[in-house]
Amino acid sequence: MKIFLTGASGFVGGALLRSFSSEYHVLAMARTPAAEESVGANGAEPVPVALSNVTAADLAGCDVVVHCAALTDEWAPPAEYLSVNAIGTRRLLQAARRAGAHRFVHISSDSALFRGKPMVGVNEDWPLATDSPYGYARSKALAELAVRQANDPGAGFETIVIRPLLVWGPGDRAVLPQLAEMAARDAFVWIGGGRARLTATHIDNLIHGIRLAIERGFPGEVYFITDRETHTIRTFLTRYARAAGVTLPQRSAPAWVVRPVAWMVESLWRVFRPGAAPPLSRFAAATLSCDVTVASDKAARHLGYSPVIGFEAGLDGMTAGGRAAPA
């Protein structure tokens, strides 16, 4: 099997690359010379292209496309989110179809459903947040919508969406570095005591779920891939950070104070410091104060999915030597 992979220099894409390269012929999108070198060192064939200019020729001969690349920065202009996440995904879909790929697996996010309100026990039928007030969430919803609309089994082009939540584990380049940086400058505060509940996805479980989607996924379907465990944000982040050698402060502020302040701060930053990230964004304030729990029963039914690692074992793996990559 020949696989075209995007996002290979990121946390999820990099883990997939290392997992796939020993079994498959992997072509990996590489936007920079450093990415090309990294891709080659991990046993794949680098393709010097970006989502903004990818064509069918770049995917020639590929059977499957796994699309992990996305702009995930907490703070970016809404137009940039749309350009990379939504328009870039549509361009890749078009290239994949023209190249003759028969399966397109898109790595989405629970953020594609997020409008700033709690999501408890949601399943794959929950409506996409194409009207979300948050640029990242809206762009991920539009990207996922494009993938689902492109599904055309009759023409030999099948699309599948995988939705993880808060991906964690060794090699994390997002959550742990942020926690470490905030703890180092004594800037971390729990929102609402960290009592909101979450479902998360260990990187090993996500890779397992993606493999199953490639092999067994039903065309046109969406699957949550999770650890099938629920935690409070405080419990999860405290123990996750501690496993990487980071101690989080204890202080807390109520959500009814923090969320309006985040809106105000973000508005001021857009006016007086355009381009600079605010100390607290409204998206971060919302996600850290809302319950977000989902069920992955559909993945169990359709794919035979079951987690390959649990929370305690995942933490043990971090303590045994897994550390966060530098920010």
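What you see is a predicted model, and the numbers here were worked out from it, not measured in a lab.
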Pairs involving residues 194-206, ordered by first then second residue, that meet side-chain hydrogen bond (donor to acceptor under 3.5 Å, both in side chains) (sequence neighbours left out):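 Qualifying pairs, neighbours excluded: Asn205-Asp227.
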
All pairs passing salt bridge (charged side-chain N to carboxylate O under 4.0 Å, His left out) where residues 36-46 contributes a residue, at least two apart: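 Residue pairs passing salt bridge (charged side-chain N to carboxylate O under 4.0 Å, His left out), neighbours aside: none found.
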
Pairs meeting criterion salt bridge (charged side-chain N to carboxylate O under 4.0 Å, His left out) with involvement of residues 258-269, two or more places apart: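 Counting only pairs at least two positions apart or across chains, the salt bridge (charged side-chain N to carboxylate O under 4.0 Å, His left out) contacts touching residues 258-269 are Glu266-Arg270, Glu266-Arg282.
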
Identify, with sequence neighbours excluded, every residue that meets ring pair (Phe, Tyr, Trp, His ring centres under 6.0 Å) alongside [X].
X      : answer
Trp126 : none
His208 : Tyr305
His25  : none
Tyr223 : His302

For Glu80 against Leu71, the heavy-atom pair lying closest together: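 Where Glu80 meets Leu71 most closely, the heavy atoms are CG-CD2, 3.6 Å.
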
Would you say the side-chain atoms of [X] pair up with the backbone N or O of [Y], donor to acceptor, closer than 3.5 Å?
X      : Y      : answer
Ser38  : Ala34  : no
Tyr81  : Asp73  : yes
Ser289 : Ala285 : yes

By side-chain contact (heavy atoms from CB on, under 4.5 Å) - contacts of Ala241 (at least two apart):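 side-chain contact (heavy atoms from CB on, under 4.5 Å) list for Ala241, sorted by chain: Leu179, Val246, Leu248.
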
Side-chain polar contacts of residues 107-116 - donor-acceptor pairs under 3.5 angstrom, sequence neighbours left out - could you list them?
residue: Ser108; atom: OG; partner: Glu144; partner atom: OE1; Å: 2.7
residue: Ser109; atom: OG; partner: Ser111; partner atom: N; Å: 2.9
residue: Ser109; atom: OG; partner: Ser111; partner atom: OG; Å: 3.3
residue: Arg115; atom: NE; partner: Asp131; partner atom: OD1; Å: 2.8
residue: Arg115; atom: NH2; partner: Leu128; partner atom: O; Å: 2.8
residue: Arg115; atom: NH2; partner: Asp131; partner atom: OD1; Å: 3.1

Would you mind writing out the side-chain donor-acceptor pairs for residues 8-22 within the sub-3.5 Å range, not counting sequence neighbours?
residue: Arg18; atom: NH1; partner: Gly14; partner atom: O; Å: 3.3
residue: Ser19; atom: OG; partner: Arg211; partner atom: NE; Å: 3.2
residue: Ser19; atom: OG; partner: Arg211; partner atom: NH2; Å: 3.0
residue: Ser21; atom: OG; partner: Leu17; partner atom: O; Å: 3.1
residue: Ser21; atom: OG; partner: Asn42; partner atom: O; Å: 2.9

Residues which pass salt bridge (Lys or Arg N to Asp or Glu O under 4.0 Å) with Glu158, listed by chain and number, not counting sequence neighbours: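 Partners of Glu158 under the salt bridge (Lys or Arg N to Asp or Glu O under 4.0 Å) test: Arg103.
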
Other ILVMFWY residues reachable from Leu142 by side-chain steps of under 4.5 Å: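 Answer for Leu142: Leu82.
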
